[in-house]
Amino acid sequence: RLLKEEKPLKARSELLAAGAGKASANIELIKMLSKVDEYRLFAKSDPATRSAILRELVATYQRIYEKNRDPSMLYRRGQLRADRAAMLAGVDGWSWDPATDEWERGFALLERFAALEGHALVPAKHAEDKFKLGNWVRVQRRRYAQHRISEDQQSRLERQPKWSWAPQQDVWERGYAALRIFVATEGNARVPRSATVAGFSLGRWVAYQRTLFAEGNLPASRIDQLEQFPGWSWDLKEDAWQRGYRSLQAYMAKHGHSHVRYSHVEGEFQLGTWVYQRRWEYRHGRLAAIRQQQLQQLPAWVWDAGYGTEQL
């Protein structure tokens, strides 16, 4: 009935719908059939040719469906008739090995990215010519971890500048090495946010480790490694408060009052500045209640210390 249909486009849509109803697994084959050149499939000037081509398409579909094999597999095994192979080869964009073609496209874009950027560390969401290159790179790493990548593909990827199969591990090791250098130079692990070591953004790396720790996503082994550094802190604000509070206690124990001059340094700590900032926060309603209570518990603490003398 379909071959006698007077409206070719309707005939094709019904044919495809019928095929889809038989086996959803062959949906790609159904799409393939729809790509055959319009003039060959529905040549109005030659109904006989149109019918012959339709019969060939139906026969190809039925054969593949019954044997549960795709045409690419049949072609590679030499089991696909020459005329059918020629018919499929004439379809625009047809490929006998789409997986390999897709890999080669991804690799070519990776090479272009590496040539422009000087490295192959593609951001996760990066796209090249609407191709999701970041996702493609992630898939290659997963295939490598699952031992499902060929030696040739592995070798070609590893030749790309700064290619890494485990970039997160590489970043950790680089950051840890940079932190060791910083500690050896400065004597502590109190890294400023803007600090860099040999071009590596150490301050940002340290901040990220603290974020992972706060979220419970930092492995115990890495926690132990970081806590071995002198002056390491998981909460800089809390540590700064505790250091200032202890310094103020020591000052008050020696002098008996909290009238700390603005320029006063207790040990190596700028205590005068710290005390002034706490009183300023209190006056402007920015000091947390628990901090107010801690200060008010200190003997001789006053909120109004006489700002003229405090700032000397």
Side-chain angles (χ1 to χ4, degrees), residues 110 113-114 116-127 133-135 137-138 141 160-248 250 260 262-282 284 286-288 290-291 294:
L110 176 64
F113 176 91
L116 292 173
E117 303 295 332
H119 61 81
L121 301 174
V122 184
K125 297 183 179 181
H126 182 74
L133 184 59
N135 184 66
V137 167
R138 181 183 61 82
R141 292 186 177 122
Q160 298 306 303
K162 297 184 180 180
W163 172 265
S164 172
W165 294 111
Q168 291 184 345
Q169 177 65 27
D170 291 349
V171 171
W172 160 262
E173 292 176 355
R174 189 179 176 192
Y176 187 77
L179 181 58
R180 291 181 63 181
I181 294 173
F182 181 91
V183 172
T185 303
E186 303 295 330
N188 62 73
R190 292 188 287 273
V191 183
R193 178 80 179 190
S194 59
T196 61
V197 174
F200 182 82
S201 299
L202 180 60
R204 294 176 58 187
W205 180 86
V206 167
Y208 182 60
Q209 305 314 308
R210 292 191 178 109
T211 299
L212 292 176
F213 176 81
E215 296 173 346
N217 294 324
L218 191 64
S221 60
R222 294 185 176 179
I223 293 174
D224 292 340
Q225 286 178 276
L226 292 172
E227 289 181 344
Q228 291 176 5
F229 289 111
W232 176 263
S233 171
W234 294 111
D235 189 334
L236 290 178
K237 290 183 178 180
E238 177 62 25
D239 286 359
W241 166 267
Q242 293 297 336
R243 189 180 181 193
Y245 191 78
R246 289 193 298 268
S247 296
L248 178 59
V260 186
Y262 186 80
S263 59
H264 181 74
V265 176
E266 189 73 16
E268 297 181 355
F269 185 76
Q270 300 286 336
L271 180 60
T273 303
W274 186 87
V275 169
Y276 177 81
Q277 289 175 339
R278 303 294 80 77
R279 286 178 173 139
W280 184 92
E281 290 172 349
Y282 175 78
H284 292 82
R286 297 184 182 181
L287 188 64
I290 188 172
R291 302 302 194 201
Q294 288 176 291

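Fair warning: this is a prediction, and the values are worked out from it, not measured in the lab.
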Smallest separation among heavy atoms of [X] and [Y], with atom names:
{"X": "Ala207", "Y": "Arg193", "value": "CB-NH1, 2.7 Å"}
{"X": "Ile223", "Y": "Leu218", "value": "CD1-O, 3.5 Å"}
{"X": "Gly118", "Y": "Lys162", "value": "O-CD, 4.4 Å"}
{"X": "Leu110", "Y": "Ala120", "value": "CD1-CB, 4.1 Å"}
{"X": "Ala195", "Y": "Val191", "value": "CB-CG1, 3.6 Å"}
{"X": "Arg190", "Y": "Gly231", "value": "CG-O, 3.6 Å"}

Roughly how far, to the nearest 0.5 Å, is [atom2] of [Y] from [atom1] of [X]?
{"X": "Glu186", "Y": "Ile181", "atom1": "CD", "atom2": "CD1", "answer": "12.0 Å"}
{"X": "Phe229", "Y": "Asn188", "atom1": "CZ", "atom2": "CG", "answer": "11.5 Å"}
{"X": "Ser233", "Y": "Gln242", "atom1": "OG", "atom2": "CD", "answer": "10.5 Å"}
{"X": "Arg243", "Y": "Gln270", "atom1": "CZ", "atom2": "CD", "answer": "9.5 Å"}

Flag if over 12 foreign heavy atoms under 6.0 Å of CD1, Ile290: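 Atom CD1 in Ile290 is not crowded, with 12 or fewer foreign heavy atoms closer than 6.0 Å.
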Considering residues, nucleotides and ligands other than Phe269, do more than 12 of their heavy atoms fall under 6.0 Å from its CZ? yes
Using a 4.5 Å cut-off on heavy atoms from C-beta on, say whether the side chain of [Y] contacts that of [X].
{"X": "Leu226", "Y": "Phe213", "value": "no"}
{"X": "Leu179", "Y": "Trp205", "value": "yes"}
{"X": "Trp172", "Y": "Gln209", "value": "yes"}
{"X": "Ser201", "Y": "Tyr208", "value": "no"}
{"X": "His119", "Y": "Phe113", "value": "yes"}

Checking side-chain polar atoms at under 3.5 Å, does Gln277 have a donor or acceptor matched by the opposite partner on Glu281? no
Does any donor atom in the side chain of Arg222 or Gln225 lie under 3.5 Å from an acceptor atom in the other side chain? no
Candidate pair Val206 and Phe182, rule side-chain contact (heavy atoms from CB on, under 4.5 Å), full reasoning: CA-CA 12 Å; Val206 167; Phe182 181 91; over 6 Å; no
Over-ring placement of Arg286 relative to Trp280, 6.0 Å and 45° cut-offs: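 Output no; distance or angle outside limits.
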Between Arg291 and Glu238, is the closest basic N to carboxylate O distance under 4.0 Å? yes
Flag, side chain of Arg141 to backbone of Ser164, donor-acceptor distance under 3.5 Å: yes
Parallel, tilted or perpendicular, judged at 30° and 60°: which one describes the rings of Trp274 and Trp241? tilted
Going by the angle between their ring planes, with limits at 30° and 60°, are Trp234 and Trp232 parallel, tilted or perpendicular?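 Rings of Trp234 and Trp232: perpendicular, over 60°.
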Please lay out, stage by stage, how His126 and Val137 fare under the test side-chain contact (heavy atoms from CB on, under 4.5 Å). CA-CA 10 Å; His126 182 74; Val137 167; over 6 Å; no
